Amino acid sequence: MLDRKFILENADLVKTNCRNRNVPTDVDRFVALETQRRELQVQVEDLNRQANAVSKSIGKAKDAAEREERKAEGRRLRDETNQLREKLDALVAEIDDIHRAIPNMSHPDAPIGEDDTKNLDIAHGKTPAPVFDFQPLDHVELMEKLGMVDFEAGARVAGHGFYFLKGDAVLLELALQRYAVGMLLDEGFLPMTTPDLARNDVLEGTGYIPRGPETQIYSIENSDLSLVATAEIPLGGLLAGETIDAEQLPIKLCGISHCFRTEAGAHGRATRGLYRVHQFTKIEMFAFTLPDQSDAMLEQLRALECRLFDGLQIPYRVVDTATGDLGGPAYRKYDLEAWMPGRGDYGEVTSTSNCTDYQARRLNIRYRTKGEKGTQLAHTLNGTAIAVSRALIALLENHQQADGTIVVPEVLRAWMGKEVLGA
RNA sequence: GGAGAGGUGGCAGAGUGGUCGAAUGCGCCGGUUUGCUAAACCGGUGAGGGCUUAUAAGGUCCUCCAGGGGUUCGAAUCCCCUCCUCUCCGCCA
C-alpha cells in the first residue's frame, strides 16, 4: 500500500501513475473520503479525551451523588462516541477498498505503456540462440521421448496442469536447485525452505488476493490458509510485524518452495507442456533493504539471474517491464525471457521486482537506526533464481541434439553425473 | 489430539479495576569523574497517528500491554473467542 498521507498530498501524481499502470482507481473519491475520515477522527478523539477526563474524575469524586452524576455523563459520552465510531468504521472500510487497489508508484525510468507490448528489451545473454540443422522438437516431445515426464498420469491424479517428472528430469530438477542455491550461498543469501501454505493476511500483505474469481491462489477450505504461489509470500511474512536493526540490512534470503497457481482465465494461452502448470518448484531470492539500498539491490538480483542463465548457456533477453505490466506491488521489474525453440519465441523464466515499501507498509516491516528516534519502513525485493518447470523447457529445447539427445550444461554435470541425456 | 502454564517496552521481569504507557534490572544515549579504557555516579531513553507548525524545535491529544469481541463511567488487570509459545502425555515421518 501507499502511504495515505502521500496519496492526499500527491493526488495528481498518483492518478497519473494509475493511468500509466492501466489500473482503474478512484483516487478523487479516496481523497474526499480520507479528508472526511480525518475530520471524524478528530471528533472521535476529542470525545475520547472528554470521556477519559470524566472517568478520571470519578475516582476523586467527594461523594456518591457526584460520582453517579459523573457516571451518567461518562455513559452519555460513550454512546456518542460509539455512534461516531460506527460512521468512522464504515468510512474506513470504503477507504480501505480503494486504498488496496492503488498500485505502487513507478520508477521514473520504467517504460510507460499499458501492457507487456511496451516492455523494453534492454539486454541479451551471452549465449546466442542455437541454429539447428534439423527440425528441433519442443520440450514435451523431447521429454516424452526420453521418459522424463508423464502428463496423463498427472491429469489422472490431480487434473490438467499437473504432471509427474521422471528419471533425468528429476535429476535435472535437483541439479538446477543445487546449482542456484550454490551460487546464492556464495553471494551471501541465507537458504530457507518455507511453508507451502500461508495465512491469508500474509498473502494480502504481499499483494496477492486469495479470494475472488480471478484469483491465482488456491485456498484451503474451512481455514484461513492458502497454498503459496511463490516463496516470496512466506519470506515476506517472515518479518511481518518486526522491527529490524538498520545495521542488519540488507537481509538476503534464498527460498526453496513449491508454487501453486490456479491459472484462472489462462486457458489456451501458451498452455502446452510445462509452460503454464498448477505446481512447480522454485528457488526464489528475497531481500529486505534500507530504502537507499533497494535500487542497487534490484540490479544485483537481475545480475544474478543473468549469471544463472548464462551459466546454463541458455539464450535470453532482459526486459524492463512497462508500467501497465508491473502488477500492484512492484516499483520496477525486470524479466528474463529465455529463447524457447519449441515455441519459436521468448518465454518468461524469471522476474525480479523492487517493491519499495509497498509490501512492508502492509506487513509492518520496519527498521530502527541506532541513535535515531522512531522506525522506518524497510524495502522488499524479490526475484526468481530458478523456476524449475520453465528453466527445464529452455534447457532441454536449447541443448537438444540432432540425434535426440540433450547435452547437459557444464555447470550441472557435477550434480547430474552425466554429460548427455538419452545417450 | 489430551492436560497444565504462559504471551507486558530492545531484552529480562513486576503489575488482579482508577493517579499505569507501565516498577525494577540490563542494554542504549548524554554528562561528571578519569593518563587511556573500564568502573562508579548523575540524567535521559517504547511505538504509531492526529492537531499546532515551515514535513524544525517545542507543545498537546488519541491509540497501542499477542489479535478480536464483551462487561464497566473507567481494563494490562474481569469475561468470551482466536492465534502463538513452553512443559508433560499420546500419536507419528
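By convention in this document, chain letters (A, B, ...) are assigned in the order of the sequence lines, proteins followed by strands, and residues within each chain are numbered from 1. Worth saying up front: this structure is predicted, and the values here are computed from it rather than measured.
Side-chain proximity of A:Arg38 to the nucleotides B:U72, B:G48, B:C51 is greatest for B:C51. Comparing B:G48, B:U72, B:G10 by their closest approach to the side chain of A:Arg78 singles out B:U72.
In the displayed structure, A:Leu190 atom CG is contacted under 6.0 Å by more than 12 heavy atoms of other residues, nucleotides or ligands. Surrounding CD of A:Glu152 are at most 12 heavy atoms belonging to other residues, nucleotides or ligands under 6.0 Å away.
Within the nucleic acid shown, A:Arg368 comes within 4.0 Å of sugar-phosphate atoms alone, with no base atom in reach, counting heavy atoms only. Here A:Val42 lies in heavy-atom contact (under 4.0 Å) with sugar-phosphate atoms only.
Rounded to whole Å, atom C1' of B:G68 lies 13 Å from atom CG of A:Asp224. A:Leu40 places its CG atom 15 Å from the C1' atom of B:C51, with the value rounded to the nearest Å. When the C1' atom of B:G10 is taken as reference, atom OH of A:Tyr367 falls 18 Å away, rounded to whole Å. Whole-Å rounding puts the A:Lys5 NZ to B:G48 P distance at 12 Å. Atom-to-atom, CD of A:Glu69 to P of B:C73 comes out at 15 Å; the value is rounded to the nearest Å. Rounded to whole Å, the distance from CG on A:Asp3 to P on B:G50 is 8 Å. One atom, CD of A:Glu247, and another, C1' of B:G10, lie 12 Å apart when rounded to the nearest Å. Atom CZ in A:Arg75 sits roughly 9 Å away from atom C1' in B:U72 (whole-Å rounding).
The separation of B:G15 from B:G7, taken at their C1' atoms, amounts to 15 Å, rounded to a whole angstrom. Taking atom P on both B:C29 and B:C89, the two are 46 Å apart, rounded to the nearest angstrom. Atom name P, nucleotides B:G6 and B:G10: the rounded distance is 24 Å, in whole Å. Taking atom P on both B:U71 and B:A14, the two are 32 Å apart, rounded to the nearest angstrom. Taking atom P on both B:G59 and B:A40, the two are 32 Å apart, rounded to the nearest angstrom. Rounded to the nearest Å, the gap between the C1' atom of B:C83 and that of B:A22 is 25 Å. B:G27 and B:A12: their C1' atoms are spaced 10 Å apart (whole Å). Spacing of C1' atoms, B:A5 relative to B:A23, comes out at 24 Å, to the nearest Å.
B:C28 is paired with B:G44 under the criterion used here, namely a Watson-Crick or G-U wobble arrangement in which both key atom distances are under 3.5 Å. Across all strands shown, B:A39 has no partner, as no Watson-Crick or G-U wobble contact with both distances under 3.5 Å is found. Pairing for B:C86 goes to B:G4, judged as Watson-Crick or G-U wobble with the two contacts each under 3.5 Å. Partner assigned to B:G18 is B:C73, using Watson-Crick or G-U wobble distances below 3.5 angstrom. In this structure, B:G58 forms a base pair with B:U52, meeting either the Watson-Crick or the G-U wobble geometry with both donor-acceptor distances under 3.5 Å. Across all strands shown, B:C91 remains unpaired; no Watson-Crick or G-U wobble contact has both distances below 3.5 Å.
Where A:Gly374 and A:Ala51 meet RNA chain B, the nucleotide closest to each residue was compared, and A:Gly374 sits on the side nearer the 5' end. Each of A:Arg366 and A:Ala72 was assigned the nucleotide of RNA chain B with the nearest heavy atom; the assignment lying further toward the 5' end belongs to A:Arg366.
Applying the salt bridge (charged side-chain N to carboxylate O under 4.0 Å, His left out) test to pairs two or more places apart or on separate chains, those with a residue in residues 138-147 of chain A are A:Asp138-A:Arg272.
Ring pair A:Tyr316/A:Phe309 is perpendicular by interplanar angle, where above 60° counts as perpendicular and below 30° as parallel.
Look at A:Thr375 and you'll find a side-chain N or O under 4.0 angstrom from OP1 or OP2 of B:G48.
The residues A:Glu284 and A:Lys282 are annotated as salt-bridged, a charged nitrogen and a carboxylate oxygen being separated by less than 4.0 angstrom. A salt bridge links A:Arg4 with A:Glu34; the closest basic N to acidic carboxylate O contact falls under 4.0 Å.
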Can you tabulate the close N/O pairs, meaning under 3.5 Å, that link protein atoms to atoms of nucleotides 60-62 of chain B?
residue	atom	partner	partner atom	Å
B:C62	OP1	A:Asn52	ND2	3.2

Nucleotide N/O to protein N/O under 3.5 Å, stretch nucleotides 81-84 of chain B:
residue	atom	partner	partner atom	Å
B:C83	O3'	A:Arg199	NH2	3.1
B:C84	OP1	A:Arg199	NH2	3.4

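Taking the centre and axis of the six-membered ring of A:Tyr275, the NZ or CZ atom of A:Arg343 falls inside the cone set by 45° and 6.0 Å.
Of the possible polar contacts, one joining the A:Asn104 side chain to the A:Cys355 backbone as a donor-acceptor pair under 3.5 Å is found. Remark: side-chain polar atoms of A:Thr206 are not paired, donor with acceptor, to backbone N or O of A:Tyr208 under 3.5 angstrom.
A distance of 8.5 Å separates CZ of A:Arg156 from CZ of A:Phe164, quoted to the nearest 0.5 Å. Between the CG atom of A:Asp116 and the CG atom of A:Asp325 there is a distance of 5.0 Å, given to the nearest 0.5 Å.
If you look at A:His99 and A:Phe30, their ring centroids are closer than 6.0 Å.
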